[in-house]
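Structure first, commentary second.
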Amino acid sequence: MKFFQKEIQLTPQKRGFHLITNQVIASIPEIEQIKIGQLQVFIKHTSASLTINENADPTVRQDFESHMNVLVPENAPYYIHTYEGSDDMPAHIKSSLMGASVQIPITNGKLNLGIWQGIYLCEHRDYGGSRNIVLTVFGM
């Protein structure tokens with residue numbers, strides 16, 4: 001069994017859903033050494049998240065952002081945690097709903113994603129800054 005792990009810093013993104021699949025693959029070429037295994041991608045933040053969804057039509061990512069803003073609105077009168085801005089508490093809730101990690105099978109040295117699947121960075125803050133993710137590859 002082989003294990004590889006790297007932490008990378010993503011460039012700051014505006015609020016929304018952003019494809020990071022190519023950046024992830026380029027950052028850990030050790031994937032090519034794995035015949036059967038897994039890649040875990042973990043984000044080290046509480047106001048951004050990760051998910052896997054469509055990688056072709058950018059309107060899917062726009063619709064994700066629109067829907068999440070309806071589902072978890074800013075300035076809800078019951079929020080107590082408000083001192084970091086109106087986007088902060090909603091960002092924490094969205095992050096928990098979407099999740100902090102994704103796991104992808106590796107088959108014959110490549111991520112075994114569906115043809116229309118990509119890894120999204122879900123940035124829930126207006127000015128979230130750079131985000132750190134941990135990439136862990138393991139397998140044989």
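Quick caveat, the model's predicted, so the values are computed rather than measured.
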Inset, instruction - Examine distances only and state if a side-chain atom of S95 and a backbone atom of A91 form a donor-acceptor pair shorter than 3.5 Å. - result: no
Legend entry - Shortest non-hydrogen contact from L10 toward L121: CD1-CD2, 4.1 Å
Inset, instruction - Kindly indicate, with the supporting measurements, whether the criterion side chain to side chain donor-acceptor pair (under 3.5 Å) is fulfilled by K35 and N108. - result: CA-CA 4 Å; K35 186 169 178 66; N108 296 321; 3.2 Å; yes
Legend entry - Validation row, ring centre H81 to ring centre Y83 under 6.0 Å: yes
Legend entry - Path from L71 to F64 over hydrophobic side-chain contacts below 4.5 Å: yes
Inset, instruction - Report the distance from atom CD of Q38 to atom OG1 of T136, rounding to the nearest 0.5 Å. - result: 11.5 Å
Inset, instruction - Can you measure from CD1 (I133) to NZ (K6) and round to the nearest 0.5 angstrom? - result: 12.0 Å
Inset, instruction - Start with the C-alpha gap between T59 and D57, add the side-chain angles, then the distance that decides, and say whether side chain to side chain donor-acceptor pair (under 3.5 Å) holds. - result: CA-CA 5 Å; T59 62; D57 185 347; 2.7 Å; yes
Inset, instruction - Looking only at non-hydrogen atoms, find the nearest pair between M98 and C122 and report the distance. - result: CE-SG, 4.1 Å
Inset, instruction - Could you note down all residue pairs passing salt bridge (charged side-chain N to carboxylate O under 4.0 Å, His left out) where residues 84-110 supplies at least one of them, sequence neighbours left out? - result: D87-R125, D88-R125
Inset, instruction - List the atom of P90, the atom of Y79, and the distance in Å for their closest heavy-atom pair. - result: CG-CE1, 3.7 Å
Legend entry - Reported CG-to-CD distance for the pair L19 and Q13, which is rounded to 0.5 angstrom: 10.0 Å
Inset, instruction - Check the pair T82 / M89 against side chain to side chain contact (heavy atoms under 4.5 Å, CB included), numbers first and verdict last. - result: CA-CA 7 Å; T82 59; M89 191 60 225; 5.9 Å; no
Inset, instruction - For the pair F138 and F4, evaluate ring pair (Phe, Tyr, Trp, His ring centres under 6.0 Å) and give the outcome as yes or no after the intermediate values. - result: CA-CA 6 Å; F138 55 93; F4 304 99; over 10 Å; no
Inset, instruction - Answer yes or no: is there a side-chain heavy-atom contact under 4.5 Å between I36 and T107? - result: no
Legend entry - Shortest non-hydrogen contact from I43 toward A48: CD1-CB, 3.7 Å
Legend entry - Whether F17 and H124 hold their rings parallel, tilted or perpendicular, with breakpoints at 30° and 60°: perpendicular
Inset, instruction - Consider only side-chain heavy atoms of I, L, V, M, F, W and Y, link residues closer than 4.5 Å, and tell whether F42 and L50 are in one cluster. - result: no
Inset, instruction - Evaluate the side-chain proximity of Q117 to E54: yes if any heavy-atom separation is below 4.5 Å, no if none is. - result: no
Inset, instruction - Give a yes or no on whether Q40 atom CD has more than 12 heavy-atom contacts from other residues, nucleotides or ligands under 6.0 Å away. - result: yes
Inset, instruction - Without swapping roles, check the side chain of N112 against the backbone of P105 for a donor-acceptor pair under 3.5 Å. - result: no
Legend entry - Path from F3 to M140 over hydrophobic side-chain contacts below 4.5 Å: yes
Legend entry - Check against side chain to side chain contact (heavy atoms under 4.5 Å, CB included), V41 and Q103: CA-CA 6 Å; V41 185; Q103 199 157 315; over 6 Å; no
Legend entry - Within one Ile-Leu-Val-Met-Phe-Trp-Tyr cluster: I93 and Y78, side-chain cutoff 4.5 Å: yes
Inset, instruction - Enter the distance from I106:CD1 to E30:CD here, rounded to the nearest 0.5 Å. - result: 10.5 Å
Inset, instruction - May I ask whether I25 and V102 are part of the same hydrophobic cluster, defined by side-chain heavy atoms of I, L, V, M, F, W, Y residues being less than 4.5 angstrom apart, directly or through others? - result: yes
Inset, instruction - Using modelled atom types only, decide if a donor and an acceptor are shared between the side chain of T21 and the backbone of I119 within a distance under 3.5 Å. - result: yes
Inset, instruction - Only pairs at least two apart or in different chains count here, so list each salt bridge (charged side-chain N to carboxylate O under 4.0 Å, His left out) that has a residue in residues 59-68. - result: R15-E65
Legend entry - Any donor-acceptor N or O pair under 3.5 Å, side chains S49, R131: no
Inset, instruction - Starting at CG of N132, measure out to CD1 of I8 and round the result to the nearest 0.5 Å. - result: 9.0 Å
Legend entry - K14/E123 salt bridge by N-O under 4.0 Å criterion: no
Legend entry - CD-OG distance between Q9 and S27, expressed to the nearest 0.5 angstrom: 11.5 Å
Legend entry - Distance-minimising heavy-atom pair for Y120 and I20: C-CG1, 4.3 Å
